[in-house]
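Everything quoted here is computed from the prediction, not taken from an experiment. Note that these values count all heavy atoms, side chains included, but never hydrogens, waters or copies made by symmetry. In this chain, residues are counted from 1 in sequence order.
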Amino acid sequence: MHEKRNVLRGVWGLLLWPYILTVSMPLDCKEEPGSLTRCPSISQEKLLDRVIHHAELIYRVSEESCSLFEEMFIPLPLRLQSNQAGFACITKTLPIPSSKSEIEQISDKWLLHSVLMLVQSWIEPLVYLQTTLDRYDHAPEMLVNKTKWVSEKLVSLEQGVVALIKKMLDEGTFTTTYNEQGLFQYDTLPDMLESVMRDYTLLSCFKKDAHKMETFLKLLKCRQADKFNCA
């Protein structure tokens with residue numbers, strides 16, 4: 001039953017992929033060319049909606065990419081082995097709230113900064129993932145395209161979150177250097193099995209973090225409407 005559900009999800013992913021590409025709203029500020037960092041002509045509410053929409057699409061496509069990678073390259077025993085081994089995600093060391101109580105207690109400012117840390121920490125690894133997928137035999141074009149699309153949208157999401165931070169928190173001199181922490185280390189020519197498992201770990205961890213980004217942003221939006229009834 002589980003296998004059938006995965007197949008159906010993959011089929012729907014193929015059918016909806018062109019639609020996803022067309023409905024993705026840009027995070028730029030067309031009313032004010034060149035003013036992405038502040039977006040003065042777009043309301044804070046509208047900007048937050050666009051950022052959330054991007055995060056939703058990124059998470060959805062990350063789920064599809066992970067499932068497609070599993071079906072193509074990861075036999076069931078290796079999936080179980082991966083789960084049991086508990087491979088550490090590259091963002092594990094970041095000060096990101098994880099428990100429900102922690103998330104409920106943090107400020108709006110820290111929610112936004114947590115999203116930004118996650119976004120920036122994944123930009124470099126996803127670029128790397130694009131290059132390593134080129135070494136695979138019979139890697140489906142759909143998987144390569146999805147990875148490239150997510151990588152590009154992640155940069156756009158970063159720009160949107162930075163603009164949102166500056167608009168909501170008035171941090172005009174905000175710096176973005178989280179991706180320079182050396183969280184992601186390149187190995188020199190790993191063997192194929194090791195490469196596959198590492199890439200699978202990257203996709204799995206990114207899917208989890210993409211869900212966190214979406215969750216944090218939706219919580220932020222809820223707080224804007226009703227600060228005391230958001231969980």
Side-chain angles (χ1 to χ4, degrees), residues 1-28 45-74 79 82-83 89-91 96 98 103 111-112 114-130 132-133 139-164 199-222 230-231:
M1 187 67 179
H2 181 69
E3 296 265 344
K4 183 178 181 181
R5 189 161 56 245
N6 278 340
V7 171
L8 288 174
R9 183 167 57 182
V11 170
W12 277 111
L14 290 171
L15 293 175
L16 291 175
W17 177 242
Y19 173 73
I20 290 174
L21 290 177
T22 59
V23 300
S24 177
M25 295 183 297
L27 277 176
D28 57 358
E45 181 180 6
K46 187 175 181 182
L47 178 59
L48 179 55
D49 285 341
R50 289 187 183 183
V51 169
I52 289 174
H53 180 68
H54 262 59
E56 288 174 338
L57 289 178
I58 286 171
Y59 174 56
R60 188 191 313 171
V61 177
S62 72
E63 276 193 307
E64 295 167 358
S65 299
C66 197
S67 296
L68 188 56
F69 191 92
E70 277 187 348
E71 293 165 10
M72 290 295 300
F73 302 112
I74 310 294
R79 296 181 206 178
S82 175
N83 293 334
C89 293
I90 61 173
T91 54
I96 305 294
S98 55
I103 295 171
L111 272 178
L112 280 171
S114 295
V115 173
L116 187 60
M117 277 192 282
L118 288 171
V119 170
Q120 292 182 330
S121 297
W122 278 106
I123 290 176
E124 185 181 355
L126 287 183
V127 171
Y128 169 78
L129 191 58
Q130 291 180 62
T132 192
L133 284 176
E141 185 178 356
M142 181 64 66
L143 177 61
V144 176
N145 289 341
K146 283 176 183 287
T147 305
K148 181 179 180 181
W149 183 90
V150 168
S151 182
E152 292 171 352
K153 289 302 174 186
L154 201 62
V155 173
S156 181
L157 181 61
E158 177 195 22
Q159 295 170 342
V161 173
V162 169
L164 197 57
D199 295 343
Y200 179 49
T201 300
L202 281 176
L203 283 169
S204 300
C205 289
F206 176 69
K207 181 181 73 171
K208 293 177 183 177
D209 283 346
H211 187 248
K212 286 182 184 177
M213 298 173 205
E214 179 188 350
T215 300
F216 289 176
L217 290 168
K218 287 184 174 178
L219 175 58
L220 180 65
K221 181 176 175 63
C222 178
C230 297

Problem set entry | Verdict with reasoning, V161 to M213, per side chain to side chain contact (heavy atoms under 4.5 Å, CB included) | CA-CA 10 Å; V161 173; M213 298 173 205; over 6 Å; no
For this session: Walk me through it: do V115 and L112 pass the test side chain to side chain contact (heavy atoms under 4.5 Å, CB included)?
Result: CA-CA 5 Å; V115 173; L112 280 171; 5.6 Å; no
Problem set entry | Test side chain to side chain contact (heavy atoms under 4.5 Å, CB included) applied to S204 and F69, step by step | CA-CA 10 Å; S204 300; F69 191 92; over 6 Å; no
For this session: Show your working on side chain to side chain contact (heavy atoms under 4.5 Å, CB included) between K221 and D49 and close with a plain yes or no.
Result: CA-CA 8 Å; K221 181 176 175 63; D49 285 341; 2.8 Å; yes
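Atom NE2 of H211 and atom CD of E56 lie 10.5 Å apart (nearest 0.5 Å). Distance check, rounded to the nearest 0.5 Å: CG of L57 to CD of E214 gives 9.5 Å. Put simply, CG on L143 and CG on D199 are 9.5 Å apart, with the number rounded to the nearest 0.5 Å. Distance check: S156 OG to E152 CD gives 10.0 Å after rounding to the nearest 0.5 Å. Taken from OG in S151 to CD in E124, the straight-line distance is 11.0 Å, to the nearest 0.5 Å. The structure places CD of Q120 at 10.5 Å from CG of L157, a figure rounded to the nearest 0.5 Å.
Minimum heavy-atom separation, A210 to I58: CB-CG2, 4.3 Å. Across all their heavy atoms, S62 and K207 have their closest contact at OG-CA, 3.7 Å. Of all heavy-atom pairs spanning I90 and P125, the tightest one is CD1-CG, 3.4 Å. The two residues I103 and S98 have their closest heavy-atom pair at CD1-O, 3.9 Å. Shown here for A55 and L217, the closest heavy-atom pair between the two residues is CB-CD1, 3.7 Å.
Using a 4.5 Å heavy-atom cutoff, the side chains of F206 and L154 are in contact. In this structure the side chain of K212 reaches within 4.5 angstrom of the side chain of L118, judged on heavy atoms.
Under the side chain to side chain contact (heavy atoms under 4.5 Å, CB included) test applied with T147, the options L133, T132, V127 reduce to a single match, L133. Results of the side chain to side chain contact (heavy atoms under 4.5 Å, CB included) test with S121 over I96, D209, L116, T91 single out T91 as the only residue that passes.
Open room surrounds CD on E45; 12 or fewer heavy atoms of other groups in view lie less than 6.0 Å from it. With a 6.0 Å radius and a threshold of 12 heavy atoms from other residues, nucleotides or ligands, K148 has its NZ atom at or below the threshold.
If you check the side chains of E63 and Y59, you find a donor sitting under 3.5 Å from an acceptor.
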